[in-house]
Undergrad: 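There's a structure below that I have some questions on.
A note on names: the letters A, B, ... follow the listed sequences, proteins ahead of strands, and every chain is numbered from 1. Computation of the quantities below employed the complete heavy-atom set of this structure, encompassing side-chain atoms and omitting hydrogens, waters and symmetry-equivalent molecules.
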Amino acid sequence: MHQLSEQEILRRNKLEELQKLGIEPYPSELFDVNFYAQEIHDNYHPELNNFQEVVLAGRLMSSRVMGKASFAELMDSSGRIQLYVNRDEICPGEDKTLYNVVFKKLLDLGDFIGVKGHVFKTQVGETSIHVTELKLLAKALRPLPVVKTQKDEATGETITYDAFTDPEQRYRQRYVDLVVNPHVRDTFVKRSQLVQSMRNYLNDKGYLEVETPILQPLYGGAAARPFKTHHNTLDMDLYLRIANELYLKRLIVGGFDGVYEFSKDFRNEGMSRFHNPEFTQMELYVAYKDYAWMMDLVEEMVERVALALHGKTEVQVGDNVINFQRPWQRYTMFEAIEKYTGEAIGEMDETALRATAAKLNVHLEPSMGKAKIIDEIFGEHVEGKLIQPTFITDYPVEMSPLAKKHRDRPGMVERFEAICNGKEICNAFSELNDPIDQRKRFEDQLELGKRGDTEAMVLDEDFLRALEYGMPPTAGLGIGIDRLSMIMTNSHSIQDVLFFPQMKPENNG
RNA sequence: GAUUCUGUAGCUCAGCUGGUAGAGCAGUACACUUUUAAUGUACGGGUCCUGGGUUCGAAUCCCAGCGGAAUCACCA
């Protein structure tokens, strides 16, 4: 255990003092709350004389003792409310221990307490709880960071003092971050609402939420390096999934018309403010549809998410206001590249593409095929400039081994990505359901692998077997929940939308 | 992996060209029955990230390491 600080020792001593007074610092019995701070703030009116018997519980976040009466702040899951604690009211008899010793001396900021009382407004108009009973519910042995706020009378803005800001501590001790930084809590509530709003949308359409394996004997469905693990009893290597695509398509083969899954996927690659080794996607597959239909769905679903979270389609992200109102801009990949670089690359062969890339200062590796070069040009010169939600359609076949060939553009597939704030937020195709073509595409991937592409896909015989039994024409979608959450909550880093982002161990020498 | 910044009290931070470790909040004690960054007085609290080196003397300078952030690389 770590060396205890002065304040931690004091709190442990107080714990013993409480026990000596016969007060259990961690009582077992339930404490029935009947109201939350926020609903009192929203609905209390002195003239109605409502909220005259309230029971609340939460953390003690501040206290101002003024002799025989005190003000304190209680924070529950909905917010904060002021408490008024009067010695002679919580200690009606001769024994003033509960006020003089327990409340004034032995309670600390951060302790969980329960209170009963009635609501009133103080002379300065602050809605408060006049406490008649007070009970310790759980003692906190470590001091929380002390964050104070003050309302600026002139502007009405809240000024925060000594905010808990050290990113390392905030990520390592997210529980502390959540307690003292209300905006952090709000971000995660919004993330949850985002997922809920998508789920509601998909359920309303009658699609089935499913679960598919995270531990897979072969990884597939995306171009990425996997995490590898081992099952002892079977004595076999397994991979943590990098995508769910191939399993969800097996379910379409099995006869479901629409299946979706919110899934943690794992990619053993670099970390950045847009990348965490484990991240969340929602994948959706709908039978008898195509990618054009899926574009409409994405627009509608994401517009609905924005409305659910913000009540409007405009969302402030950094310096930009992003408007998710339908319809979104649509470009083919070649159109977009031409628009932003002036280069018409549609008819170029690999040699010409390499020359163009060089002209545009795009760095290439010898292992890159034609499709990868196009992708590099797009990534370097176009993607970052697409701030408003934009669909990019019709990708080269080589970089989309699971997408169906374009119905009338040779060499292309029916695929789109939605780009927003300069980053991809989703990827979708008319799914390849021709088993012979799919086998050939896998074989082409194996070739890329031999050229040194560590992210080339592996051939999945069982998946091909499923396709050979017949998969209906299907539209598929993968949408990055972390990326979308970042945009919807105006978060600069993926770490701000993950409760517990990946970190190196604290004590490593 | 590269570059830059960064690590000092529970929290937020200051600490100059090297000379006994500082502030505010938090804490402790006392006072105070409508305060709200409550107030007043007094007091306590440190492995200055770790390990070397230079020096009479290192939080400070040098080297190495560890953690974190940003940008880049990588990553559809």
Undergrad: Looking for any heavy atom pair under 4.0 Å, which part of the strands does A/E126 touch: base, sugar-phosphate only, or nothing?
TA: base
Undergrad: For a quick check of understanding: with a heavy-atom distance under 4.0 Å over all strands, which category does A/E8 fall into, base, sugar-phosphate or nothing?
TA: nothing
Undergrad: So which nucleotide from B/G10, B/A70, B/U35 ends up closest to the side chain of A/S493?
TA: B/A70
Undergrad: Check the phosphate of B/U36 against A/K151, side-chain N and O only, distance under 4.0 Å to OP1 or OP2. Yes or no?
TA: no
Undergrad: Base, sugar-phosphate, or nothing for A/Y171, non-hydrogen atoms under 4.0 angstrom?
TA: sugar-phosphate
Undergrad: Write down the partner of B/A23 under the Watson-Crick or G-U wobble criteria, each distance required to be under 3.5 Å.
TA: B/U12
Undergrad: Judged by atom type as modelled, is there a donor-acceptor pair below 3.5 Å linking the side chain of A/N320 to the main-chain atoms of A/I322?
TA: no
Undergrad: With heavy atoms under 4.0 Å as the rule, sort A/D88 into base, sugar-phosphate or nothing.
TA: base
Undergrad: Under 3.5 Å for both donor-acceptor distances, Watson-Crick or wobble: does B/A64 have a partner, and if so which one?
TA: B/U50
Undergrad: Any side-chain N or O of A/K14 below 4.0 angstrom from OP1/OP2 of B/U28?
TA: yes
Undergrad: At under 4.0 Å between heavy atoms, what does A/R273 touch on the DNA or RNA strands: base, sugar-phosphate, or nothing?
TA: sugar-phosphate
Undergrad: Now, which nucleotide makes the Watson-Crick or G-U wobble pair with B/U28, with each of the two distances under 3.5 Å?
TA: B/A42
Undergrad: Taking the side chain of A/F71 as its heavy atoms from C-beta onward, which of B/U34, B/A76, B/C13 lies nearest to it?
TA: B/U34
Undergrad: Students often get this wrong, so: under 4.0 angstrom with heavy atoms, is A/V65 touching a base, only sugar-phosphate, or nothing?
TA: base
Undergrad: What residues in residues 96-111 of chain A put a non-hydrogen atom under 4.0 Å from any atom of RNA chain B?
TA: A/K105, A/L109
Undergrad: Measuring from the side chain of A/L10 (C-beta onward, heavy atoms only), which nucleotide among B/G27, B/A69, B/U12 has the closest atom?
TA: B/G27
Undergrad: Have a look at A/H130 and say if it touches a base, only the backbone sugar-phosphate, or nothing, with a 4.0 Å heavy-atom cut-off.
TA: nothing
Undergrad: Is A/Q7 side chain donor-acceptor paired with the B/A26 base, going by distance under 3.5 Å alone?
TA: yes
Undergrad: Can you check whether any acceptor in the base of B/U47 is under 3.5 Å from a donor in the side chain of A/Q3, or vice versa?
TA: no
Undergrad: Expressed in whole Å, how much space separates the P atoms belonging to B/A14 and B/C5?
TA: 16 Å
Undergrad: Is A/F378 stacked on the base of B/A76, meaning ring centres closer than 5.5 Å and planes within 30 degrees of each other?
TA: no
Undergrad: For A/E424 versus A/I419, what's the shortest heavy-atom pair and its separation?
TA: CA-CD1, 4.0 Å
Undergrad: Among B/G45, B/U34, B/U36, which is the nearest nucleotide to the side chain of A/E6?
TA: B/G45
Undergrad: Going by side-chain hydrogen bond (donor to acceptor under 3.5 Å, both in side chains), A/E431 matches just one of A/K249, A/Q438, A/K404. Which one?
TA: A/K249
Undergrad: Touch check for A/S5, heavy atoms < 4.0 angstrom, all strands: base, sugar-phosphate only, or nothing?
TA: sugar-phosphate
Undergrad: Regarding A/S400, tell me which of base, sugar-phosphate or nothing describes its non-hydrogen contacts under 4.0 Å with the strands shown.
TA: nothing
Undergrad: Looking at B/A76, B/G67, B/C25, which one has an atom nearest to any side-chain atom of A/K504?
TA: B/G67
Undergrad: With sugar-phosphate meaning primed atoms plus P, OP1 and OP2, does A/M503 contact a base, only sugar-phosphate, or nothing at under 4.0 Å between heavy atoms?
TA: sugar-phosphate
Undergrad: Can a side chain N or O of A/K148 be found less than 4.0 Å away from OP1 or OP2 on B/A26?
TA: yes
Undergrad: Across the strands shown, which category fits A/F279 at heavy-atom distances under 4.0 angstrom: base, sugar-phosphate, nothing?
TA: nothing
Undergrad: With respect to the phosphate group of B/A69, does any side-chain polar atom (N or O) of A/Q495 fall under 4.0 Å of OP1 or OP2?
TA: yes
Undergrad: Contact class for A/F164 vs. all strands (heavy atom < 4.0 Å): base, sugar-phosphate, or nothing?
TA: sugar-phosphate
Undergrad: Quick one: label A/T149 by what it contacts on the DNA or RNA (base, sugar-phosphate, nothing), any heavy atom closer than 4.0 Å.
TA: sugar-phosphate
Undergrad: Under 4.0 Å between a side-chain N/O of A/Q150 and OP1 or OP2 of B/A37, yes or no?
TA: yes
Undergrad: Quick check on B/G68: is either OP1 or OP2 less than 4.0 Å from any side-chain nitrogen or oxygen of A/R170?
TA: no
Undergrad: Is there, by distance only and without an angle test, a donor paired with an acceptor across the side chain of A/T122 and the base of B/U35 below 3.5 Å?
TA: yes
Undergrad: Contact class for A/R80 vs. all strands (heavy atom < 4.0 Å): base, sugar-phosphate, or nothing?
TA: nothing
Undergrad: For B/A38 and A/R64 - does any side-chain N or O of the residue sit under 4.0 Å from the phosphate oxygens OP1/OP2?
TA: yes
Undergrad: Could you tell me whether the phosphate oxygens of B/G68, OP1 or OP2, come under 4.0 Å of any side-chain nitrogen or oxygen in A/R172?
TA: yes
Undergrad: Could a donor-acceptor pair under 3.5 angstrom be found where the side chain of A/D162 meets the base of B/G24?
TA: yes
Undergrad: Going by purine N1 to pyrimidine N3 plus the second Watson-Crick contact, or the G-U wobble pair, all under 3.5 Å, which nucleotide sits opposite B/A2?
TA: B/U71
